[in-house]
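Notes follow the structure.
Note: hydrogens, waters and symmetry copies are ignored here, and every other heavy atom, side chains too, is used. When a residue number appears, it is its place in the shown sequence, counting from 1. The shown structure was predicted, so the numbers you read here are calculated from the model rather than taken from an experiment.
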Amino acid sequence: VFRIVLRMAERFKIESPNVRYSKDLIEADYNYNTTQVYEENGVTKVKPCSTTFTFRTERKVPKLGVMLVGWGGNNGTTVTAAVLANRMGLSWMTKTGKKVANYYGSLFQSSTVCLGSGPDGDVHIPFRDLLPMVHPNDIIFDGWDISSLNLADSMKRAEVLDWQLQEQLRPYMEKMQPRPSIYIPEFIAANQEDRADHVIHGTKAEQVQKIREDIQEFKRTSGVDKVIVLWTANTERFCDVIPGVNDTADNLLKAIEVEKPLLPSAVPSVTCEKHRQNPGLYGMGGGEHSVIFHHFWLVSYRCLFLVSSLPQLELEVSPSTMFAVASILEGCAYINGSPQNTFVPGAIELAVRHSVFIGGDDFKSGQTKIKSVLVDFLVGAGLKTVSIVSYNHLGNNDGKNLSAPQQFRSKEISKSNVVDDMVQSNPILYGANEKPDHCVVIKYVPHVGDSKRAMDEYTSEIMMGGTNTIVIHNTCEVSLVISVLITSVLEFVICYVVKQLQEGV
Ligand code: NAD
């Protein structure tokens, strides 16, 4: 059933001096024309400039492995289930009739591009046929989660897919078990503690080493040619960028290396909430020890804090940055699907040093994607947008995690950034320090589950004192939207980025 077919999706040939075909490669030269603008003696001068790129694509599609961090979450289980259902051509009955597995919503699998004009007008082909690229049905999944549930039970917990489909997928998904993961409670909401029963213990260096071994083991046992690691775990709080800790690649590696072994959970006595919330400081384990023991360590650490920067080193390297470091050191592309600042300057420098592709932050598929398009349209049309109010409510575990202030703040920053460039581009409408009122609200309403409601109001000033108000309402199962986006992101990364980087072009 799971036979992998490596597709050679070349349905047409380009006849151009800029495109060369060899047995293994397609090479295309592309001139990227831009302009350079500079000032000379008070005059603004504009100079055309052109850069030639050579894009090289392997004609043989690699066997792709994807490791999801947060595999047991709504996105992780939904994307795995959707790929399995498509691969097996499953169908199922719902109250509105028979449904058949498909990839509607996938840029590559379900959209077309115009190849040019033929005798009978425009010729459109599926986007996926433009270049040889991995088909999502051929992706092999693996991953990590702090929750030990197998993928079938996690899919049930997610409440995204129809029950009859889940029943058909269960025999396959119950055999899939996430690997234990790195858990530092300080970074995600305290309300996630209940599911954290599947964690890697040890120092940060040992944890990063374990993730590297997991990647190596997956590569070896699955026989995949390339691995992409994708963070679709809970949104973390932002971490501080601290000189000497995470500001350069060497400092980041040192911060992971020098950390002393975490303290043992020690003498059981009373439950210590502070310990539970910060095992990075007090030691992983049951979170139970005597009050005297607790105060002893607290005082010791405070003294240490005065004489060294060790506690800061520990606290400002997040699990997602540790996954990024492990992935980069293994030469695997890393995608950050959540809004936190995983890519601190040290992580970016490390990726550049190893020529590894990293991408992020945060999946944008609905409300925020529309916002960037709509603000571009409004301001580009010369309307002065003065207020943008985005309200959401959702009831899945992502919503529960985002109901904590620090995790909400990460999302708020990533949702707000998208209008800044457009506003800065138009000094006719906006003064130097002027920008629209921009408000983002996210509420957790368990009853609606994965079916997120998003309401947006855009108010713009139009000539002669007029007001233009656009209101948008959107209801959708967010994990389905994101799962299909994940398949496109993976296809894009493997086809356009990883190959080109690894070929050194
Ligand atoms: P989810 O809560 O259902 O899944 C997250 C999973 O991550 C859980 O199973 C949790 O146990 C696990 N987890 C938490 N910390 C972990 C760690 N350190 N290591 C390994 N696993 C860990 O959430 P979701 O709906 O699947 O969303 C996942 C992420 O994608 C969230 O950060 C969310 O903000 C982001 N995102 C989602 C959407 C969307 O519309 N679905 C859009 C943009 C971004």
Side-chain angles (χ1 to χ4, degrees), residues 32-51 235 237-241 247 335-345 347-349 351-352 357-392 402 406 408-442 454-472 474 485 489 492 497:
Y32 181 58
N33 296 319
T34 48
T35 45
Q36 260 183 356
V37 182
Y38 58 99
E39 270 211 16
E40 207 173 74
N41 303 326
V43 181
T44 305
K45 299 207 168 169
V46 184
K47 217 165 129 185
C49 57
S50 176
T51 313
T235 296
R237 70 159 172 85
F238 262 54
C239 55
D240 294 331
V241 177
D247 58 335
I335 316 291
N336 178 26
S338 302
Q340 72 274 343
N341 62 340
T342 300
F343 300 133
V344 289
I348 296 172
E349 193 189 332
V352 172
F357 176 80
I358 54 172
D361 305 305
D362 209 7
F363 296 128
K364 303 286 182 217
S365 63
Q367 188 181 42
T368 316
K369 186 70 216 163
I370 287 180
K371 186 177 290 179
S372 50
V373 173
L374 201 57
V375 172
D376 184 274
F377 162 70
L378 290 168
V379 177
L383 277 105
K384 182 173 180 178
T385 302
V386 286
S387 139
I388 305 169
V389 184
S390 300
Y391 163 86
N392 307 263
L402 293 174
Q406 283 187 314
F408 166 71
R409 182 69 190 133
S410 298
K411 203 67 161 180
E412 187 182 36
I413 293 170
S414 114
K415 279 182 174 280
S416 304
N417 284 346
V418 294
V419 293
D420 295 348
D421 289 350
M422 216 39 223
V423 168
Q424 277 161 19
S425 76
N426 195 327
I428 303 169
L429 297 174
Y430 299 98
N433 296 316
E434 202 184 355
K435 40 171 134 169
D437 293 339
H438 192 175
C439 174
V440 176
V441 180
I442 302 177
M455 283 166 257
D456 288 83
E457 184 190 87
Y458 296 80
T459 309
S460 306
E461 283 178 20
I462 194 162
M463 70 173 197
M464 313 303 290
T467 302
N468 174 314
T469 304
I470 298 174
V471 179
I472 300 173
N474 178 247
L485 180 92
V489 168
F492 169 77
V497 186

List the atom pairs, donor and acceptor, that lie under 3.5 Å between side-chain atoms in residues 428-439 and the rest of the protein, sequence neighbours left out.
from: Tyr430; atom 1: OH; to: Thr385; atom 2: N; distance (Å): 2.9
from: Tyr430; atom 1: OH; to: Thr385; atom 2: O; distance (Å): 2.6
from: Glu434; atom 1: OE1; to: Gly431; atom 2: N; distance (Å): 2.8
from: Glu434; atom 1: OE2; to: Lys384; atom 2: NZ; distance (Å): 2.7
from: His438; atom 1: NE2; to: Lys371; atom 2: NZ; distance (Å): 2.9

Looking at every heavy atom in both Ile462 and Thr467, which two are closest together, and how far apart are they? CG2-N, 3.8 Å
State the CE-CG distance between Met463 and Leu383, to the nearest 0.5 angstrom. 10.5 Å
Out of curiosity, Glu461 CD to Ser387 OG, how far, rounded to the nearest 0.5 Å? 10.5 Å
Using a 3.5 Å distance criterion without hydrogens, assess whether the side chain of Asn336 forms a donor-acceptor pair with backbone atoms of Gln340. yes
What are the two closest non-hydrogen atoms of Phe238 and Pro339, and how far apart are they? CE1-O, 3.7 Å
Tell me, do Phe357 and Ile335 make a side-chain contact under 4.5 Å, heavy atoms counted? yes
Taking the side chain as every heavy atom from C-beta outward, state whether Thr469 and Glu457 have any pair of such atoms under 4.5 Å apart. yes
Could you grab the distance from atom CG of Asp361 to atom CG of Asn341, nearest 0.5 Å is fine? 7.5 Å
Quick one: are Val373 and Lys369 in side-chain contact, heavy atoms under 4.5 Å? yes
Suppose we screen for ring-ring contact (aromatic ring centres under 6.0 Å, His included). Which residues come up paired with Phe377, at least two apart in sequence or across chains? none
Kindly say whether Thr459 contributes a backbone atom to a donor-acceptor pair with the side chain of Asn468 at under 3.5 angstrom? no
Taking every heavy atom of Phe408 against every heavy atom of Val440, the minimum-distance pair comes out as CZ-O, 3.3 Å
Going from CG on Leu378 to OH on Tyr458, what distance comes out if it is rounded to the nearest 0.5 angstrom? 8.0 Å
Where do Gln367 and Asp456 land on the side chain to side chain donor-acceptor pair (under 3.5 Å) test, with the steps shown first? CA-CA 8 Å; Gln367 188 181 42; Asp456 288 83; 2.9 Å; yes
Rounded to the nearest 0.5 Å, how far does CD1 of Ile470 lie from OG of Ser460? 6.5 Å
Within this structure, what is the CD1-OG1 distance for the pair Ile358 and Thr342, rounded to the nearest 0.5 Å? 9.5 Å
With a cut-off of 3.5 Å and sequence neighbours excluded, list every side-chain donor-acceptor pair involving residues 32-42.
from: Asn33; atom 1: OD1; to: Ser50; atom 2: OG; distance (Å): 3.0
from: Glu40; atom 1: OE1; to: Lys45; atom 2: NZ; distance (Å): 3.0

With heavy-atom distances below 4.5 Å as the criterion, would you say the side chains of Asp362 and Lys411 are in contact? yes
